[in-house]
Amino acid sequence: MVDAHLAVVRASLRAQLTYRVSFAMLVVASAGATSMDFAVVATIFTHLPRLEGWTLSQIALMYGIAGIGFGVTDLAVGSLDSLPAYVKQGTFDAFLIRPLGTLYQVVTSEVALRRVGKIAQGAGILVFALLHLHIAWTLPRAGMLLMSLVTGPLIFGSVWVIVMSHVFWTVDTGEVANAFTYGGSFLASYPINIFGTWLRDLLAFVVPMAFVAYYPTIFILGRPDPLGLPGFVPLLTPVLAVLLPWLAGGVWKQGVRHYRGTGS
């Protein structure tokens, strides 16, 4: 069954690559659309050399890490956006009768390769940042940079699964989840000290988007946390990257148990 499912996924990917010019245009459009956000930030810095103590290159480092993390997550689990329709229409039933995990089936139901444009855009901004920053590289700092490219998608993906799982209970509130997924991507791309107190606390301690890029960035730059938190806080990033997927799996399983199907 697994081999058959993977064959279907591979066939879908080949179909997307059939019209290569069209595919390339979709990738460029995806990268261009997300680049507009950073273009606005760059424009602001033409008039404002620092923003709450942050330079453009430093924010670019954070933006690039977050951009890659969100791009990988969107490519891997972006099809979760279809979950509200599956639940409302009762088509989620089909996932239950197959001998495969329901979460695996949902996230592989549509793998949109055009989303690699978001990854490319984040990578481009990350390269820009690294070329313009004078970082005193050490093994721990280089390790944090490489690790953040893995932990970022794990944190993003876990939050995505957790917030989308609520549709098993509420059905028609899928848009609420977008505030935490796509909205979280925007917030994770900037220093949390530029936001209000309640939003900082939300990003750091409730929905841990600050650990996607903010805390890895201050560790890489070797600067103290503007919020005054202890220096070991960035080192909690890999811990969260392990715990959150476990939590997300548990929430998903509870949601599936609550699902009643179209006949209920």
Is the shortest heavy-atom distance from the side chain of Val161 to the side chain of Val107 under 4.5 Å? no

Closest heavy-atom contact between Val251 and Trp169? O-CH2, 4.2 Å

Value rounded to 0.5 Å, distance of CE in Met164 from CG in Asp81: 5.5 Å

Ignoring hydrogens, what is the shortest heavy-atom contact between Phe156 and Met209? Give both atom names and the distance. CE2-SD, 3.4 Å

Please report the interatomic distance OG(Ser57) to NE2(His134), rounded to the nearest 0.5 Å. 8.5 Å

Would you say the side chain of Phe95 lies within less than 4.5 Å of the side chain of Val256, judging by non-hydrogen atoms? no

Walk me through whether Asn193 and Asp225 qualify under side-chain contact (heavy atoms from CB on, under 4.5 Å). CA-CA 9 Å; Asn193 64 302; Asp225 184 2; over 6 Å; no

Side-chain contact test, heavy atoms from C-beta onward, threshold under 4.5 Å: evaluate it for Thr102 versus Tyr259 and give yes or no. no

Under a single-linkage definition using a 4.5 Å side-chain heavy-atom cutoff for Ile, Leu, Val, Met, Phe, Trp and Tyr, are Ile135 and Val127 assigned to the same hydrophobic cluster? no

Please examine the side chains of Leu227 and Tyr214, heavy atoms only from C-beta on, and report whether any two atoms are closer than 4.5 Å. yes

Side chains of Trp54 and Arg223: closer than 4.5 Å at any heavy-atom pair? yes

Is it true that Leu243 and Val206 fall in one hydrophobic cluster, defined by side-chain heavy atoms closer than 4.5 Å? no

Tightest non-hydrogen contact, residues Pro238 and Pro234, listed as CD-O, 4.3 Å

Between the CZ atom in Phe70 and the CH2 atom in Trp160, the distance rounded to the nearest 0.5 Å is 4.0 Å

Less than 4.5 Å apart, side chain to side chain, heavy atoms only: is that true for Ile119 and Val72? yes

Can you find a pair of side-chain heavy atoms, one from Ser82 and one from Val106, that are under 4.5 Å apart? no

Correct closest heavy-atom pair for Tyr190 and Met62 would be C-SD, 3.3 Å

Verdict with supporting geometry, Tyr86 and Val167, side-chain contact (heavy atoms from CB on, under 4.5 Å): CA-CA 10 Å; Tyr86 294 150; Val167 302; over 6 Å; no

Taking Leu145 as the starting point, is it possible to reach Val150 by hopping between hydrophobic residues whose side chains are less than 4.5 Å apart? no

Donor-acceptor pair, distance only, cut-off 3.5 Å: does the side chain of Gln121 make one with the backbone of Gly67? no

4.5 Å side-chain heavy-atom contact, Trp137 and Leu130: yes

Value rounded to 0.5 Å, distance of CD1 in Ile68 from OG1 in Thr73: 11.5 Å

Please answer: with hydrophobic residues joined when any side-chain heavy atoms are less than 4.5 Å apart, are Leu235 and Leu146 in the same cluster? no

Atom pair CG/CG of Leu244 and Leu154 - distance to nearest 0.5 Å: 9.0 Å

Do you know the tightest heavy-atom contact between Ser79 and Thr108? OG-N, 4.2 Å

Tell me, with the steps shown, if Leu229 and Tyr215 meet side-chain contact (heavy atoms from CB on, under 4.5 Å). CA-CA 10 Å; Leu229 294 180; Tyr215 282 115; 3.0 Å; yes

Hydrophobic cluster identity match, Leu131 and Tyr63, side-chain contacts under 4.5 Å: no

Approximate separation, where rounding is to 0.5 Å, of Phe219 CZ and Phe232 CZ: 13.5 Å

The single option from Leu133, Thr217, Ile220 passing side chain to side chain contact (heavy atoms under 4.5 Å, CB included) against Gln58: Leu133

Determine whether Phe211 and Thr151 satisfy the following criterion, side-chain contact (heavy atoms from CB on, under 4.5 Å), listing intermediate values before the conclusion. CA-CA 9 Å; Phe211 289 88; Thr151 57; over 6 Å; no

If you look at every heavy atom in Pro153 and Ser148, which pair is closest and at what distance? CD-O, 4.1 Å

